[in-house]
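This report concerns only the one structure given below.
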Amino acid sequence: MKKTVSAMAMLIAAAMVAQGAVIVSWGPTTDAVTANQNIAQNTTFTDASYQSPAVGPDYNNTAAVASPNFYAALSHAASTSFTVFNGANNDLLGRWQGGVTAGTVQSIMLAWDVTSTETLDSYTINGIGSFGGMTDRALRWLVQDSAGDWYASNEINGFGENVDITSNVG
């Protein structure tokens with residue numbers, strides 16, 4: 001069964017948990033990249049090819065990330081960069097930099113292919129933050145079932161900087 005998760009926010013680590021087993025994991029780590037790595041900037045979601053950096057000497061060369069390949073989409077292309085950021089304390093997945101008109105909503109969608117047939121119990125995101133200037137942060141989990149139908153969680157909002165969020169399914 002194909003299950004896909006996405007988050008519309010900046011994130012350090014994400015996990016999907018099925019009956020106690022983690023089925024998608026990205027971070028937290030300081031070994032995901034040796035230098036900032038660009039994420040392909042699509043403003044329309046496609047699963048024709050991964051938008052994550054290619055695994056190699058500069059991305060996940062130590063296998064620090066359990067689920068390195070992902071898809072990504074942005075509501076507005078970044079004028080500066082959209083990267084896996086080489087952070088001092090933790091590498092950051094989906095760091096978006098650029099200017100938008102005041103009041104513009106910027107959404108980031110990250111998605112993984114999952115072949116597990118387990119029932120999802122919860123979703124967790126660790127260390128979500130804005131890195132300055134971003135207001136009204138919101139998070140929504142999206143899942144696509146094997147028939148291709150998408151399901152969205154209720155919006156989670158009202159959280160501060162560098163928080164961990166777990167949502168139970170059901």
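Residues: numbered from 1 along the sequence shown. A quick note: this is a predicted structure, and the numbers were derived from the prediction, not measured.
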For the student: nearest non-hydrogen atoms of Thr34 and Pro57, plus distance: CG2-O, 3.8 Å
In the structure I gave you, are the side-chain heavy atoms of Gln51 and Thr46 within less than 4.5 Å of one another anywhere? yes
Using side-chain heavy atoms (C-beta onward) and a distance below 4.5 Å, is Phe45 in contact with Asp47? yes
Below 4.5 Å, heavy atoms only, C-beta onward: do Val55 and Asn69 meet side chain to side chain? yes
Is there a side-chain contact between Leu74 and Asn42, using heavy atoms and a 4.5 Å cut-off? no
Take Tyr50 and Tyr71 through the test ring-ring contact (aromatic ring centres under 6.0 Å, His included) and record every step on the way to the result. CA-CA 5 Å; Tyr50 294 120; Tyr71 307 102; 4.9 Å; yes
Is there side-chain contact between Ile39 and Phe70, with heavy atoms separated by less than 4.5 Å? yes
Picking from Asn60, Asp58, Asp91, what satisfies side chain to side chain contact (heavy atoms under 4.5 Å, CB included) with Gln37? Asp58
Check the pair Ile108 / Phe82 against side-chain contact (heavy atoms from CB on, under 4.5 Å), numbers first and verdict last. CA-CA 10 Å; Ile108 298 172; Phe82 182 47; 3.7 Å; yes
Would you say the side chain of Ser81 lies within less than 4.5 Å of the side chain of Asn36, judging by non-hydrogen atoms? no
Close side-chain approach of Ser52 and Trp112, heavy atoms under 4.5 Å: no
Are Leu110 and Trp26 side-chain neighbours, meaning at least one heavy-atom pair lies under 4.5 Å? no
From CG (Asp31) to CG (Asn86), nearest 0.5 Å: 9.5 Å
Exercise: do Thr83 and Asn38 side chains pair donor with acceptor under 3.5 Å: no
To the nearest 0.5 Å, tell me how far Asn89 CG sits from Thr30 OG1. 9.0 Å
What do you reckon, is CG of Asp149 surrounded by more than 12 foreign heavy atoms closer than 6.0 Å? yes
